[in-house]
Amino acid sequence: MEEKLKGIVLGGTAFGENDKILNIFTLEQGVLSAKIKGVKKAGAKLKFASEPFCFAEFLLAKKGEMRTVTGASLIDSFYPLREDIGKYFCAGAVLEFVKKFYRENIVSAEGFFLVIETLKEISYGDRSAKEVLIRFLFSALKENGYALFIDSCACCKNQVHGRVFFDYRRGSFYCENCFDGVGREMNLSTLEGLQTVMRGGSVDGEIEVKILRLLNFYIENRAEEKIKSLAELMKIL
């Protein structure tokens, strides 16, 4: 049985001397694993299809539960990511998020198109790659049940001014009057910056970093997952 699926390679692990087992996020069937043969040999025809960020139409032979890549037609390799270390780590965080949060064989067309559009914007767009990553993480967290509520104080529903507190367990922000002692104080400029980015605006680099640190804290403490590429990005900012 053969399948033709559009997908993006999230990563791969060595299998035997020359093969790999790929992790592919597909439009039609969600995340799946597939063997690709001989790609560690020099001049391998399908070597391109074994690389992270390869967006292609894959031809897969399926026998039982095992899939093997028999062909691939490249759609985009997102090559500019390899020329800018900041873009590379931002894009790497996107793929790693998918590996952590999107389960095998669970279809998410919304998530798939969000990933592809995010990688296109990071690679070819004019906006800051960090702002694009912020929008991706905010949207993807919401899709996976970890929505952040940023428009107002979660209790009184008024716009937050002055001191602001973040409760990661509820993904909510509170003003000083409504804060019940559960959560941590944070800089108001971080919340205002996140609101600005999610409304389509831009913020300066210092605020981008603060927002990414907030999102990283939220992912690690609420979802109990670590996005290593995001942590590495923090080191070079």
Side-chain angles (χ1 to χ4, degrees), residues 1-16 18-40 44-78 81 90-123 132-133 135-148 171 215-216 218-220 222-230:
M1 176 182 173
E2 285 192 330
E3 306 168 301
K4 189 177 285 187
L5 306 174
K6 286 185 178 179
I8 184 160
V9 176
L10 304 177
T13 55
F15 184 81
N18 296 301
D19 305 341
K20 281 185 177 182
I21 301 293
L22 301 182
N23 207 220
I24 308 173
F25 185 30
T26 70
L27 170 61
E28 299 88 352
Q29 296 189 26
V31 177
L32 55 82
S33 298
K35 182 192 292 187
I36 187 165
K37 297 180 179 179
V39 290
K40 291 194 283 183
K45 181 180 177 181
L46 289 176
K47 189 176 184 65
F48 75 92
S50 69
E51 299 296 325
F53 304 112
C54 173
F55 176 32
E57 186 171 67
F58 291 89
L59 187 62
L60 304 175
K62 187 176 181 183
K63 186 175 182 180
E65 294 301 313
M66 187 63 189
R67 293 178 173 91
T68 301
V69 177
T70 58
S73 298
L74 182 66
I75 298 172
D76 201 334
S77 66
F78 304 108
L81 300 177
C90 285
V94 172
L95 296 195
E96 196 173 343
F97 186 97
V98 174
K99 287 191 282 187
K100 297 283 187 179
F101 287 87
Y102 290 82
R103 305 306 175 194
E104 287 209 7
N105 302 312
I106 302 298
V107 177
S108 173
E110 180 180 352
F112 181 83
F113 288 119
L114 175 63
V115 168
I116 298 303
E117 290 307 311
T118 297
L119 294 180
K120 284 182 179 178
E121 195 168 359
I122 292 174
S123 299
V132 178
L133 175 59
R135 294 207 310 275
F136 168 81
L137 291 173
F138 186 92
S139 299
L141 282 165
K142 181 179 180 180
E143 188 193 359
N144 284 275
Y146 298 100
L148 282 157
L215 294 172
N216 189 51
Y218 184 55
I219 290 168
E220 289 187 353
R222 173 74 188 280
E224 298 183 340
E225 294 285 2
K226 289 185 181 292
I227 308 297
K228 292 180 181 179
S229 297
L230 185 54

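All values below come from the heavy atoms of this structure, side chains included, with hydrogens, waters and symmetry mates left out. In what follows, residues are counted from 1 in the order of the sequence shown.
- Proximity of L137 to I227: side-chain heavy atoms (C-beta onward) are nowhere separated by under 4.5 Å.
- Two residues are said to be in side-chain contact when any heavy atoms from C-beta on lie closer than 4.5 Å; L22 and S50 meet this criterion.
- Legend: residues meeting side chain to side chain donor-acceptor pair (under 3.5 Å) with E104, ordered by chain and number and at least two apart, are S33.
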Using a 3.5 Å cut-off and no angle test, enumerate the donor-acceptor pairs between side-chain atoms of residues 107-123 and protein atoms at least two apart in sequence or in another chain.
from	atom 1	to	atom 2	distance (Å)
S108	OG	G111	N	3.0
S108	OG	E143	OE2	2.4
T118	OG1	L114	O	2.7
E121	OE1	R135	NH2	3.0
E121	OE2	R135	NH2	3.0
S123	OG	L119	O	2.8

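- Heavy-atom neighbours of K228 NZ from other residues, nucleotides or ligands within 6.0 Å: at or below the threshold of 12.
- Residue A34 comes nearest to I24 through the heavy atom pair CB-CD1, 4.4 Å, listed as atom of the first residue, atom of the second, then distance.
- Closest non-hydrogen pair, N23 versus V31, comes out as ND2-CG1, 3.7 Å.
- Using a 4.5 Å heavy-atom threshold, the side chains of I8 and V98 count as separate.
- When every heavy atom of A49 is checked against every heavy atom of A72, the shortest pair comes out as CB-CB, 3.8 Å.
- Side-chain atoms of L32 and L5, non-hydrogen and from C-beta on, do get closer than 4.5 Å to each other.
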(request) Apply the test side-chain contact (heavy atoms from CB on, under 4.5 Å) to residues V9 and F58: give CA-CA distance (whole Å), side-chain angles for both, the deciding distance (0.1 Å), then the verdict. (result) CA-CA 10 Å; V9 176; F58 291 89; 3.7 Å; yes
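- For K226, the salt bridge (Lys or Arg N to Asp or Glu O under 4.0 Å) partners are E220, not counting sequence neighbours.
- Taking OG1 of T70 as the reference point, atom CD of E2 lies at 5.0 Å (rounded to 0.5 Å).
- Of the options L133, L81, L230, V132, a side-chain contact (heavy atoms from CB on, under 4.5 Å) to C90 is made by L133 and by none of the others.
- Side chains of Y218 and N216 form no contact here, defined as non-hydrogen atoms less than 4.5 Å apart.
- Applying the ring-ring contact (aromatic ring centres under 6.0 Å, His included) test to F138 and every residue at least two apart in sequence or in another chain returns nothing.
- S229 pairs by the side chain to side chain donor-acceptor pair (under 3.5 Å) definition with E96, not counting sequence neighbours.
- Applying the salt bridge (Lys or Arg N to Asp or Glu O under 4.0 Å) definition to pairs two or more places apart or across chains, those involving residues 46-72 are E3-R67.
- With rounding to the nearest 0.5 Å, the separation of CG in N105 from CD in Q29 is 7.0 Å.
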(request) Check step by step if side-chain contact (heavy atoms from CB on, under 4.5 Å) holds for Y102 and N144. (result) CA-CA 8 Å; Y102 290 82; N144 284 275; 3.5 Å; yes
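- Between F97 and A140, the shortest heavy-atom distance links the atoms CE2-CB, 3.4 Å.
- Of all non-hydrogen atoms in V39 and I36, the two that sit nearest each other are CG1-CG1, 3.5 Å.
- Atom NZ of K40 has more than 12 heavy atoms from other residues, nucleotides or ligands within 6.0 Å.
- In this structure, F101 and I219 have side chains that are in contact, with non-hydrogen atoms separated by less than 4.5 Å.
- Residue K35 places its NZ atom among more than 12 non-hydrogen atoms of other residues, nucleotides or ligands, all under 6.0 Å distant.
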